[in-house]
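The block underneath contains the structure these notes are about, expressed in structure tokens.
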Amino acid sequence: MDFTLTEEQVLIRESLSKAFQTDYDFDKRRAVLEDAATFHSPAMWSTIAESGFTGLLAPEDSDGFGGGAAELMVVAEELARHLSLEPFLSSAVMAVRLLDLASDATERTLRMPGLLSGEQPGAVALYEPGERYAMENVATTAVETGEGWRLNGAKAVVIGADAAAWIAVSAKLEGDDVDIFVVETDANGVKRNPYRLVDGRGAADLELKDVVVPLSARLTSGGDAVAILSEVEDWAVLTMAAESLGAMECAKDLTLEYLKTRQQFGQPIGSFQVLQHDMANILSEVEYARSMVYWAAAAMAGDDPITRRHTISGAKAYIDKAARFVAEKTVQMHGGVGVTDEYALSHYVKRLTLTQILFGDRDEHLTRFLETA
Amino acid sequence: MDFTLTEEQVLIRESLSKAFQTDYDFDKRRAVLEDAATFHSPAMWSTIAESGFTGLLAPEDSDGFGGGAAELMVVAEELARHLSLEPFLSSAVMAVRLLDLASDATERTLRMPGLLSGEQPGAVALYEPGERYAMENVATTAVETGEGWRLNGAKAVVIGADAAAWIAVSAKLEGDDVDIFVVETDANGVKRNPYRLVDGRGAADLELKDVVVPLSARLTSGGDAVAILSEVEDWAVLTMAAESLGAMECAKDLTLEYLKTRQQFGQPIGSFQVLQHDMANILSEVEYARSMVYWAAAAMAGDDPITRRHTISGAKAYIDKAARFVAEKTVQMHGGVGVTDEYALSHYVKRLTLTQILFGDRDEHLTRFLETA
Amino acid sequence: MQLTYDEDQIAFRDEVRAFMADKAQLALGEDARHGMHLTKDEVIAWHKALAERGWIAPKWPVEHGGAGWDPIQVHIFDEEAFAAGMPRLPNFGLNYVGPVVIHFGDDWQKERFLGPILSGDEFWCQGFSEPGAGSDLAAVGTRAQRDGDNYIVSGQKTWTTQAHWADWMFTLVRTDREVKKQEGISFLLIDMKSPGITVRPIMTLDGEHQVNEVFIDDVVVPAKNLVGEENKGWDYAKFLLSNERTGIAGVGQSKSEFARLKMIAKTEKRRGKPLSEDPLFQAKMAELELELKALEITNLRMLIEEKDKGAPGPISSILKIKGSEIQQTLATLTMEAAGTYAAPFIPDALDASWNGEPAGPAFAAAATPYYFYRRKASIYGGSNEIQRNIIAKQLLGL
Amino acid sequence: MQLTYDEDQIAFRDEVRAFMADKAQLALGEDARHGMHLTKDEVIAWHKALAERGWIAPKWPVEHGGAGWDPIQVHIFDEEAFAAGMPRLPNFGLNYVGPVVIHFGDDWQKERFLGPILSGDEFWCQGFSEPGAGSDLAAVGTRAQRDGDNYIVSGQKTWTTQAHWADWMFTLVRTDREVKKQEGISFLLIDMKSPGITVRPIMTLDGEHQVNEVFIDDVVVPAKNLVGEENKGWDYAKFLLSNERTGIAGVGQSKSEFARLKMIAKTEKRRGKPLSEDPLFQAKMAELELELKALEITNLRMLIEEKDKGAPGPISSILKIKGSEIQQTLATLTMEAAGTYAAPFIPDALDASWNGEPAGPAFAAAATPYYFYRRKASIYGGSNEIQRNIIAKQLLGL
């Protein structure tokens with residue numbers, strides 16, 4: 001039993017942190033946030049790709065780093081600390097894992113280099129409008145034609161779809177099998193409605209109207225889609241959990257600092273017992289959340305998909321509660337300053353709110369935790 | 001709109017309080033509590049009956065006081081303040097309301113005087129073992145015989161059954177109608193297993209083995225039992241709500257006093273901000289609970305049984321939460337003293353715990369509140 | 001013990017309800033309910049309608065153009081207005097500075113200021129908070145130096161809601177630094193068009209511009225704009241804050257928002273079933289409904305006490321706490337109801353004039369911004385921590 | 001990052017597990033799990049079995065008869081023992097005073113006291129708390145006056161668990177009143193059979209007699225019973241309290257209680273369905289299970305830190321808080337599971353020898369008393385409020 005990071009993991013964290021410290025401070029990031037056309041920083045994204053982080057989870061035979069859940073945990077925590085707006089989650093986690101799990105060698109050879117170089121980011125669509133977090137409810141259809149497959153349907157809140165060169169979507173075939181197809185975002189009939197998410201990252205709703213894709217675009221066969229997308233979702237949930245932890249740590253540190261410096265009624269507000277106890281509770285919840293991220297990371301290494309999902313969902317349910325508590329409490333303890341956009345806390349709070357929403361909220365994961373028990 | 005008590009209601013409260021103050025102080029009550037044979041004080045019970053409180057809810061044409069929910073609220077709150085162990089709930093609320101609602105004039109004329117004099121207390125059995133709070137699940141059977149009805153079955157945790165001269169029970173007839181029967185506790189085949197409840201009041205489990213009752217013992221016909229028992233239960237729930245309020249008020253007062261007098265680390269513990277805020281929350285919850293008792297009392301006067309039940313259940317769900325919070329928090333704020341039997345607080349805490357359990361817990365009433373919306 | 005309105009109150013309610021029905025075209029219905037922003041014109045139209053009816057200033061005495069209602073009537077009016085989807089009006093003039101001028105102002109001030117407040121021709125903002133002071137309102141650093149017929153005022157205010165709309169600002173300024181902090185404060189009315197006033201927007205995490213910093217740099221303010229006596233400003237501020245307490249529970253608005261949430265729960269699905277059939281979501285809804293019921297009845301108890309005794313007293317602190325918690329839970333559950341569609345964040349979509357493409361159901365666009373917005377409910381007007389301090393000291397004697 | 005036991009730890013766990021299986025007849029199975037009280041004989045039988053195996057004092061050094069285990073081993077042992085339903089042993093001798101005597105006692109004291117603790121022949125109680133001191137342990141009023149080879153001790157102790165069973169009591173006594181309160185305290189061992197000792201039971205709200213007042217009236221205590229130096233007792237007390245922190249999370253016991261609650265939920269019905277299919281009850285169970293999992297992993301993190309660095313440090317305060325909250329929630333849900341049958345209160349029914357008629361399912365009799373009993377979990381050993389003070393001061397620097 002060992003909870004320490006390997007030397008390699010420490011190096012990963014440090015090199016990532018350094019890249020962000022120099023090129024992505026609060027003001028530079030603000031400029032990215034105010035850019036209405038590109039929702040992230042192409043320069044930062046290049047740096048991330050050049051440093052090899054885009055290949056963190058790609059297998060070594062695809063020129064990836066071959067990292068696993070522990071490495072992802074380290075990276076995601078750090079990305080959240082620096083409030084990254086880059087499409088790491090959508091492309092380097094979800095698209096990479098999907099290609100690795102779903103596609104044959106040809107497709108992988110074709111698309112992995114673009115993911116790793118960062119120049120052809122991918123995205124994965126999990127849900128459809130009105131279906132909340134039920135990815136097994138697929139109304140999008142795929143009909144075989146002479147030239148390939150014709151897709152029709154819609155996908156909701158596809159993370160990173162704004163920046164993606166291609167998007168993986170599930171669609172129902174005749175006979176009700178659900179398979180995964182790759183759609184180029186510039187194909188005819190693909191309509192994206194891009195927007196920022198709560199924390200500033202990009203996403204889009206997706207409409208597919210008679211979109212024709214080649215036969216090779218079908219990544220799975222025989223209805224494997226839901227199992228594979230579930231595993232991709234589990235990776236995404238782990239990413240959210242680790243991001244949440246990173247954001248909680250920063251919100252905690254900012255608040256502790258504020259308690260020590262901010263004066264009211266002639267004394268630092270940290271001298272008030274109620275705020276001391278609040279702060280003790282925050283520290284405590286962050287520590288417990290960290291334990292739950294470890295638990296989730298360890299589960300991703302396991303073989304049994306039910307146990308994996310049970311643990312991932314349990315961890316998300318716990319961490320979402322901690323995230324809400326820390327986000328709401330740290331704002332409250334800051335008073336007015338906590339709600340201003342110009343102070344970093346509100347940005348961590350937004351991230352903590354987003355991580356609660358994406359890939360299943362607390363109620364959803366509590367239910368999944370019980371179902372998989 | 002008016003939230004004040006009438007002069008008459010104030011008089012009721014004061015005369016009841018006076019009777020308890022003189023004859024039922026903490027030590028005298030302790031003696032009652034330690035009496036293994038009789039779970040209440042026959043002397044105090046006589047005083048209550050002589051003062052007319054046993055007839056509070058009985059109609060005037062039965063020589064009762066003809067009071068309603070507001071009067072019951074006042075009395076129950078006061079009984080809880082004095083930690084009464086007397087069978088008021090079982091006999092003066094449940095049995096009186098049952099007789100009034102269910103029985104014909106003959107039976108009422110026969111039994112009401114015994115209830116009012118306190119000499120022949122009654123009790124009402126609502127639930128069966130293993131069925132929790134589902135009074136519609138009746139396994140007890142009633143079979144007509146030449147001489148009357150033969151009853152077989154069991155009833156769970158019948159409040160006041162230890163002291164009762166008769167008990168009203170539901171039983172299923174041929175054809176699945178459920179009706180209410182009166183059983184004399186000294187009848188052949190009636191077995192009681194008496195015990196004290198959490199707060200010291202008496203109750204018993206009841207077994208009926210080939211108990212034969214006369215034809216006149218059937219109080220309802222055509223399966224009215226559940227509707228009538230539901231109304232009796234609603235009266236009991238209102239009693240619990242008002243008792244809970246009285247006990248919360250006392251727990252609050254004891255704790256405030258303790259905060260002001262108890263010294264630790266060289267200062268009264270009431271100077272610690274965390275305890276001040278706890279106390280503010282307690283005050284607040286007690287005020288809100290009081291409002292919910294008013295809401296419940298007002299609902300008992302209404303005509304529509306669904307609305308009545310909706311309100312009663314909503315109030316109980318709210319008040320149970322407040323009761324748990326106040327009980328647990330006041331113990332915590334007292335530290336070790338709070339868990340000792342010799343200090344009054346623990347007795348209020350026990351009462352607050354019991355009121356959460358009896359006649360449906362919070363989950364049950366939340367569900368009922370939703371079902372009746 | 002009588003929990004329903006009496007005949008007069010019911011008649012009053014019916015009168016208000018009829019008025020609301022009559023003015024239904026002014027309410028922005030679904031848009032307003034879904035958290036869309038109103039234009040100034042829309043707000044003014046509603047203001048004028050109320051002014052015309054003599055209902056624009058519910059609590060002002062009739063001789064000053066008010067409705068002269070008692071607290072219960074004010075409550076009934078609020079409930080009906082919110083139920084009908086009418087917008088909340090900016091209240092810095094009507095509910096804050098207006099009563100102060102009526103009670104403590106001189107004839108010239110009454111003549112000059114009350115009319116434009118009633119007509120809606122002048123908007124006000126509140127210059128109380130200062131940087132670094134937080135809930136310690138008496139820590140006023142802005143200085144006003146008497147100079148002939150004027151005061152020369154310098155300092156800074158912050159969290160000034162709608163300063164960018166306002167024509168006037170009522171302020172606390174320090175006129176004596178030698179005495180206890182509460183004793184050297186004056187209550188001064190400042191024209192926002194005065195040279196030396198600079199308004200800097202503060203963007204908040206809901207993506208909105210509502211509050212501002214106001215820099216006051218050697219601003220010349222005529223001495224006739226001083227309300228009451230010099231150095232007595234703290235008394236007027238306390239009077240103003242105690243008025244703020246009425247209506248602090250926000251019962252009417254929360255009831256209207258709860259009704260909307262119930263509608264939403266009927267259409268939004270979780271695992272193929274509407275949220276109105278989801279046991280976990282329903283349990284949260286039921287608990288919230290009961291909290292709101294407890295607040296409503298307790299608020300009525302306090303209003304009757306206020307009606308009988310003239311002032312709500314410190315017990316209103318408990319209303320502020322639960323009222324704000326309920327507002328926050330309402331926003332939280334609405335956000336949860338939006339599911340995945342709580343994630344997109346498009347503040348522009350809240351402008352009625354926006355013509356971009358919405359993501360998800362109509363209510364979803366405002367759900368998360370509103371959740372963020374409601375974080376303020378437990379901070380402003382004296383944070384909930386301050387309210388608990390008040391309860392402990394003033395009600396419990398701790 | 002490796003979240004599972006290593007090979008050595010698994011081998012150790014299997015060894016413990018085999019031992020537990022071997023001694024299964026000593027566990028009182030259902031009775032113990034249902035909260036029935038053990039007789040002193042039953043407790044002693046288990047004590048002797050462990051003593052024989054050399055496992056009675058897990059953390060004592062081997063040369064003093066201990067097992068010499070590291071914190072992870074102690075944790076594994078606890079988990080297995082609780083999972084097998086073995087009773088918790090009184091730990092005032094083994095875990096509290098024993099290590100103090102080992103570290104600070106002289107040879108005579110080691111010779112005299114350690115053996116009977118290991119053999120189970122002498123029970124101990126802890127004379128720290130005094131009336132009116134509460135969580136302020138240094139507020140010691142009991143005085144010890146040196147008189148030749150003896151101390152004459154007078155004062156009063158309270159909340160003294162099992163004083164009515166104990167042969168000996170270790171106490172904090174005041175030997176100097178002129179200095180700071182922490183500096184005039186000594187650590188003295190008192191024979192409970194000494195003339196002048198009076199034990200008065202304190203009944204608690206769970207209907208039990210576990211704690212006592214101990215009156216000490218001019219009791220003559222030989223000076224050789226002084227541990228370490230005079231006036232250094234506070235140091236030894238702090239050492240003792242820091243040992244108390246290991247195992248404070250109560251993970252093993254809570255896991256065993258959770259498993260039992262899961263069984264109960266399968267049989268108890270609500271509205272015709274078992275609680276294990278009731279959405280509200282299941283949501284509470286799931287939340288509790290996750291709290292317990294978070295506690296378990298965090299506890300392991302701390303244990304490894306303790307193993308590596310030698311001491312758990314103040315971070316263990318967070319374990320105490322959550323550990324006690326979980327214990328309380330477990331008791332609360334068990335009470336809720338009992339439904340109507342949580343209402344009867346028959347303390348006698350918890351004696352295995354009782355032959356009255358039970359009311360309701362077997363687990364129900366102990367459910368509400370246990371809920372009451374568990375109220376103490378957030379009070380003793382430094383209340384949770386004190387723990388938060390410690391976190392704020394020692395970990396956060398506030």
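Quick caveat, the model's predicted, so the values are computed rather than measured. Here is how names work: the chains are called A, B, and so on, in the same order as the sequence lines, proteins then strands, and each is numbered from 1.
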Against chain D, work out which of [options] has the most heavy-atom pairs shorter than 4.5 Å and name it.
options	answer
Lys191(B), Arg201(B), His347(B)	Lys191(B)
Ile159(B), Asp361(B), Asp199(B), Val337(B)	Val337(B)
Gln263(B), Arg196(B), Glu328(B)	Glu328(B)
Gly360(B), Ala203(B), Gly335(B), Gly336(B)	Gly336(B)
Thr340(B), Val157(B), Leu275(B)	Val157(B)

Between [X] and chain D, with a heavy-atom cut-off of 4.5 Å, which part of the residue counts as in contact: side chain, backbone, both or neither?
X	answer
Arg324(B)	side chain
Phe265(B)	both
Asn193(B)	side chain
Ala156(B)	both
Glu364(B)	both

For the pair Arg271(D) and Thr367(B), evaluate side-chain hydrogen bond (donor to acceptor under 3.5 Å, both in side chains) and give the outcome as yes or no after the intermediate values. CA-CA 10 Å; Arg271(D) 298 174 156 249; Thr367(B) 308; 4.9 Å; no

Would you sort out whether Thr368(D) and Leu354(B) count as a side chain to side chain contact (heavy atoms under 4.5 Å, CB included), showing the intermediate values? CA-CA 9 Å; Thr368(D) 306; Leu354(B) 185 74; over 6 Å; no

For Pro358(D), side chain to side chain contact (heavy atoms under 4.5 Å, CB included) partners two or more places apart: none

Most heavy-atom pairs under 4.5 Å with chain B, out of Leu275(D), Asn384(D), Asp206(D), belong to Leu275(D)

Out of Ile202(D), Thr267(D), Leu280(D), which one racks up the most heavy-atom pairs below 4.5 Å with chain B? Leu280(D)

At a 4.5 Å cut-off on heavy atoms, which part of [X] comes close to chain B: side chain, backbone, both, or neither?
X	answer
Ile386(D)	side chain
Ala338(D)	backbone
Tyr371(D)	side chain

Evaluate Asp363(B) against Lys284(D) for side chain to side chain contact (heavy atoms under 4.5 Å, CB included), listing each step before the verdict. CA-CA 11 Å; Asp363(B) 283 358; Lys284(D) 288 189 268 192; 2.8 Å; yes

Side-chain (Arg132(B)) to main-chain (Lys269(D)) donor-acceptor, under 3.5 angstrom: yes

Mind listing the closest non-hydrogen atom pair of [X] and [Y] along with its distance?
X	Y	answer
Leu358(B)	Ala343(D)	CD2-CB, 3.8 Å
Thr340(D)	Tyr127(B)	CG2-CD1, 4.2 Å
Leu205(D)	Ser346(B)	CB-CB, 3.6 Å

Distance-only side-chain donor-acceptor flag, Gln332(B) / Ser378(D), under 3.5 Å: yes

Assess, by modelled atom type and distance only, whether the side chains of Asp348(D) and Tyr195(B) contain a donor and an acceptor separated by less than 3.5 Å. no

Can you find a heavy atom in the side chain of Glu357(D) that is under 4.5 Å from one in the side chain of Asp205(B)? no

Stepwise side chain to side chain contact (heavy atoms under 4.5 Å, CB included) check, Glu385(D) with Phe272(B): CA-CA 10 Å; Glu385(D) 286 78 11; Phe272(B) 293 109; over 6 Å; no

Assess whether side chain to side chain contact (heavy atoms under 4.5 Å, CB included) is satisfied between Val331(B) and Phe372(D), documenting all intermediate values. CA-CA 10 Å; Val331(B) 168; Phe372(D) 289 138; over 6 Å; no

Arg375(D) side, atom CZ; Thr330(B) side, atom OG1 - distance, nearest 0.5 Å: 10.0 Å

Is the NZ atom of Lys260(B) crowded by more than 12 outside heavy atoms at less than 6.0 Å? yes

